[in-house]
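Data block below; observations after.
Values below: all heavy atoms of this structure, side chains included; hydrogens, waters and symmetry mates excluded.
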Amino acid sequence: MEVDDGREGRVIDGGSTLKAIAVAGAAAVPGVAISMAAVPEDAAQTWRKEPERPCVYVWNERCLVMTLRALFCLSLLSMSPAALASKCSVELEANDAMRFNLSTIEVDRTCADFEIRLRHSGRLPKAAMGHNVVIVKSADLEAVDADGIRAGAAENHVKPGDTRVVAFSPLIGGGETASVRFNPARLDRAAKYAFFCSFPGHSALMKGELKLVP
């Protein structure tokens, strides 16, 4: 079937229009695939363009318009926040039970700067239950932790000038917050990374995987 597209007397094939609608949908919302299998091949359709907007296709069958809109909305709702926007920070919580609330932190390597915001949700003071977050290669965690214990609280239990450490935050006590920033470009894509608390004795429980994505 051929349909006049309303511009300069041009005629387009109905089947091509169906394909164009699917392509336009994917272009408007990256990662969203829309199936046109349920649309009758002989359905009459027209389309128009609006300035500074993606192609908006108007179908004679009103129900088809509503179906397309519903598909877009459902697709958007099903997408994760990471798919809709680059996430370059994360909230990490530590408590008096020597636990982090996260076991994995995903770092988007497209970020120019990634921030981990640490919050101590407990009540104990830094001297008794201090927490920080240290980022290292997984293979270096135990050695860096041991050197940090020897470095002492004055150095936030991180050996000064330790090149194995990607980044670290200061020690904090109950009710306090701290943050650490680093450039994901510094991470070796072939290596495995971890985050942990270097306060003496805490790394056994307070550690997790730092994963570079995608």
For the [atom1] atom of [X] and the [atom2] atom of [Y], what is their distance to the nearest 0.5 Å?
X: L102; Y: L210; atom1: CG; atom2: CG; value: 11.0 Å
X: S203; Y: E142; atom1: OG; atom2: CD; value: 7.5 Å
X: N156; Y: S169; atom1: CG; atom2: OG; value: 7.5 Å
X: I172; Y: L118; atom1: CD1; atom2: CG; value: 4.0 Å
X: L141; Y: R164; atom1: CG; atom2: CZ; value: 10.5 Å

Can you name the nearest heavy-atom pair linking [X] to [Y], along with the distance?
X: H131; Y: A94; result: CD2-CB, 3.4 Å
X: C111; Y: P184; result: O-CD, 3.3 Å
X: S179; Y: P170; result: O-CD, 4.4 Å
X: M206; Y: M98; result: CG-O, 3.1 Å
X: F196; Y: K207; result: CB-CB, 3.8 Å
X: N95; Y: S121; result: CB-OG, 3.5 Å

- Item | Linked, directly or transitively: V90 and L187 (ILVMFWY side chains, under 4.5 Å) | yes

For the residue pair [X] and [Y], establish whether any side-chain heavy-atom pair is separated by less than 4.5 Å.
X: F182; Y: V107; answer: yes
X: R109; Y: L212; answer: yes
X: V134; Y: V165; answer: yes
X: R99; Y: L205; answer: yes
X: D108; Y: P214; answer: yes

- Message: side chain to side chain contact (heavy atoms under 4.5 Å, CB included), that's the test. Do L92 and F195 meet it? Break it down for me.
- Response: CA-CA 11 Å; L92 182 65; F195 65 93; 4.2 Å; yes

- Message: I'd like to know whether C197 forms a side chain to side chain contact (heavy atoms under 4.5 Å, CB included) with F100, so could you lay out the CA-CA distance, the side-chain angles of the two residues, the decisive distance to 0.1 Å, and finally the verdict.
- Response: CA-CA 9 Å; C197 174; F100 283 133; 4.0 Å; yes

- Query: Is the count of non-hydrogen atoms from other residues, nucleotides or ligands lying under 6.0 Å from E115 atom CD greater than 12?
  - Reply: yes

Please confirm whether the backbone N or O of [Y] pairs with a side-chain atom of [X], one donor and one acceptor, at under 3.5 Å?
X: H120; Y: M129; result: yes
X: E176; Y: G173; result: yes
X: D140; Y: V144; result: no

- Note on the structure: Quick note, side chain to side chain donor-acceptor pair (under 3.5 Å) partners involving residues 184-199, not counting sequence neighbours, are N132-S198

- Can we say R150 and D147 salt-bridge, meaning some charged N sits less than 4.0 Å from an Asp/Glu carboxylate O? yes

- Query: Taking NZ, NE, NH1 and NH2 as the nitrogens, is one of them in R181 or D113 under 4.0 Å from a carboxylate oxygen of the other?
  - Reply: yes

- Query: Looking at V133, D162, V158, which hits side chain to side chain contact (heavy atoms under 4.5 Å, CB included) with F168?
  - Reply: V158

- Task: Begin from the C-alpha positions of E209 and I105 and carry the test side chain to side chain contact (heavy atoms under 4.5 Å, CB included) through to its verdict.
- Result: CA-CA 6 Å; E209 179 184 10; I105 293 176; over 6 Å; no

